[in-house]
Amino acid sequence: MAKFWKPGTEKPRLVEDEDGGVLFLYSSSSSSSSSSSTFGFANNLQNQRQRLPVYKRKDAILFLVENYATTIIVGETGSGKTTQIPQYLNEGGWSDDGHVIACTQPRRLAVQSVASRVAEEMGVKLGEEVGYVIRFEDVTTPGVTRVKFLTDGVLLREMMDDPLLSKYSVIMVDEAHERSISTDVVLGLLKKIQRRRPELRLIISSATIEAKSIASFFRPSKKHRGAGDDVVPKREPAIISAEGRGFTVGINYVQEPVADYLQAAVSTVMLIHKQQAAGDILVFLTGQDDIDAAAQLLNEEAQSSDRSTGGLLVLPLYSGLSRADQARILSSSVTLQDLVFSPTPRGKRKVIISTNIAETSLTLEGIVYVVDSGFSKQRFYDPISDIENLVVAPISKASARQRAGRAGRVRPGKCYRLYTEEYFVNEMPAEGIPEMQRSNLVSCVIQLKALGIDNILGFDWPASPSPEAMIRALEILYSLGVLDDDAKLTSPTGFQVAEIPLDPMLSKAMLASGELGCSEEMLTIAAALSVQSIWISIRGAQKQLDEARLRFAAAEVSPSAPLYSPMLRTQGDHVTFLNVYKGFLQSGKSSKWCHKNFVNYHAMKKVLETREQLKRTAQRLGIILKSCDKDMQAVRKAITAGFFANACHIEPYTHEGKFKTVRTSEDVYIHPSSVLFRVNPKWVVYHSLVSTDRRYMRNVVTIDPAWLVEVAPHYYQYQGPGSLNR
DNA sequence: TAACAGTCG
């Protein structure tokens, strides 16, 4: 590995942190390696790079990476760490001898935009020295690409082919403080890899609050410490900070707790609008309901006020918005890959009312005021019932800080917190519960199994999930025939299911479809289930959408078929997907056809893409590609082979469409977006449950209960008509 | 009887 440290230059001073980590104390003189014009950058780009706060830490970062196995960068937003550190490593020789520098991101959009920025700064063509990989898109050239950006999910998949990630010399895990499942799994696996590959260097970037828990995770345990402490690289993690370039944001708290955060948010916006200088407002609420209600209230207030309070442009923002609605917020020239927000028209003030999507996933320009309700919707998992609930819960200090920071991107801003300072200081949790501890773990466990991690319960996680959740995941995988009695992956089923990039239950249905002669159909269904929705949502046109959907609900449909009663022939949402897909293909993949039928054209393009990828995977695994034509029974049976644990039976003698799960006798209802809503067949299996005030089954298909015993005899026993037991 | 925090492969 190339050395970068120039003898004779001043060494940074290092001190022991009180927790045993190494803290870097930077000297006041900034780094002065400004003689790199040999690379032929445009001068202004070079100047911009040098003005970034992280530039002052360049030598120190390189020193730490050279000498410490793990370096934790505490970087505020705007420090430039993501774009600059990979370049420093490249300049420092870490990509010599065919090695690659990796930088992971939690989101695809970030991967793409950061990679193209870095390619531009380095003056190279994207996909050559600098490249990126996300699902469906490998923009790298093996042997040429030296700096590679990728999602952490892709890095996990790469480990299945190359468990030691041997081509990488340095792996930078960015945004680790978000603690997503895949980031946490990556961190756990990288820690293991480090023991086998001492030459591998890790850089973990994190916001302030999470840095210590991540550092303590990477601190070697006593039994691994011992004698070799002086060898390079040192095993103790080093911590260094790079300040951000954001502007200061003044924080305002309410004096007394508010009873109704929605009403409080609306009045706060009006107050800002009346009293504060120009600048857009971003309001954080919890979900679509809240947001639409607040938007309506604001519009009413703005209209009823006198002229001086006019000029409010109220814009709801959540991921379920249609393209048409998004276009009101985004400028017309943007593509999905390039979410640049349009400037506010003169004399107008934008009020963007948003879910958490604006906390991390989208960056809005021009925000000067933030209103923070203190709540967000969060998923919580109950391993006993195996149900994920979506509930409104208080956010963490880390989130509150992130939300406030959204006000300081263009100039000093203000944040209005709809909770008291006393609450913030004394009661708000410092950090959120990692996603890993709030989720069903089947996908996660099967990936670890595929990587040869046998002892799941003893795995060294950054945040251990409850034993109950892990045991539940093992149990489900066992019932799918993916794990054997020794909790090892079965062959070939277990390895095949792990290989398919879908939830294990859906992968299992995919395998079953090969045997039942309907794999072509299952590919379509799996692809359709992997997009958020294949339907467009237009507020106020719900009825037309429902009608459009029912036109596709029959087992067979002709394009000219009139609207008919679906009561007798509808077999469920999965079959409906097949009809939409068929219609889409027959139209020549026409966007006009989509529009006419309330089908989301962009979603359908994604379905095509996902289907192609799954088809390649299926071929590789030797799944026989075959269409069952009109035999929907084969399709429904294949679905049952994966989702038998989600079987439900309608409650007789009630007229409210109440179902009971076979497994736990839980009350569940068919989601109003399902084509089986109000149809209420006797037996169904569902794809997922969304649990709000009631438990709603989303994407439901009718079944014959006899199939349950047929496809999962180890799970169900038939005990006479209408009686089925586990 | 009426609904959808946000990601990823």
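A, B, ... follow the sequence lines: proteins, then strands. Residue 1 opens every chain. Worth saying up front: this structure is predicted, and the values here are computed from it rather than measured.
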In this structure, how many angstroms lie between the [atom2] atom of [N] and the [atom1] atom of [X], rounded?
X      : N     : atom1 : atom2 : result
A/E651 : B/dT1 : CD    : C1'   : 15 Å
A/Y132 : B/dG9 : OH    : P     : 12 Å
A/L545 : B/dA3 : CG    : C1'   : 12 Å
A/R438 : B/dT7 : CZ    : C1'   : 11 Å
A/F677 : B/dC4 : CZ    : C1'   : 14 Å
A/I357 : B/dA5 : CD1   : P     : 11 Å
A/I395 : B/dG6 : CD1   : P     : 16 Å
A/R694 : B/dT1 : CZ    : C1'   : 6 Å

**Fill in**
Heavy-atom nearest nucleotide on DNA chain B taken for A/R698 and for A/K658; more 5' hit belongs to A/K658

Indicate, with a heavy-atom threshold strictly under 4.0 Å, whether [X] touches base, sugar-phosphate, or nothing.
X      : value
A/I134 : sugar-phosphate
A/T355 : sugar-phosphate
A/D290 : nothing
A/V392 : nothing
A/T692 : sugar-phosphate

**Name of the residue among A/F577, A/F643, A/Y696 meeting ring pair (Phe, Tyr, Trp, His ring centres under 6.0 Å) with A/H687** = A/F643

Indicate whether OP1 or OP2 belonging to [N] is found under 4.0 Å from a side-chain N or O atom of [X].
X      : N     : result
A/S443 : B/dG9 : no
A/R108 : B/dG9 : yes
A/T151 : B/dC8 : no
A/S361 : B/dG6 : no
A/Y696 : B/dA3 : yes

**Message:** Among B/dA3, B/dG9, B/dA5, which nucleotide has an atom closest to any side-chain atom of A/D693?
**Reply:** B/dA3

**Asked** For A/Y381, is the NZ or CZ atom of A/R438 found under 6.0 angstrom from the centre of its six-membered ring and inside 45 degrees of the ring axis?
**Response** no

**Asked** How about A/F659 and A/H649: are their ring centres within less than 6.0 Å of each other?
**Response** no

**Prompt:** Among A/V269, A/V266, A/L418, whose side chain to side chain contact (heavy atoms under 4.5 Å, CB included) with A/V283 holds?
**Reply:** A/V269

**Asked** Within the modelled atom types, does a donor on one side and an acceptor on the other bring the side chain of A/E435 and the base of B/dG6 under 3.5 Å apart?
**Response** yes

**Asked** Would you say the side chain of A/Y132 lies within less than 4.5 Å of the side chain of A/Q112, judging by non-hydrogen atoms?
**Response** yes

**Donor-acceptor pair between A/E359 and A/S399 side chains, under 3.5 angstrom** = yes

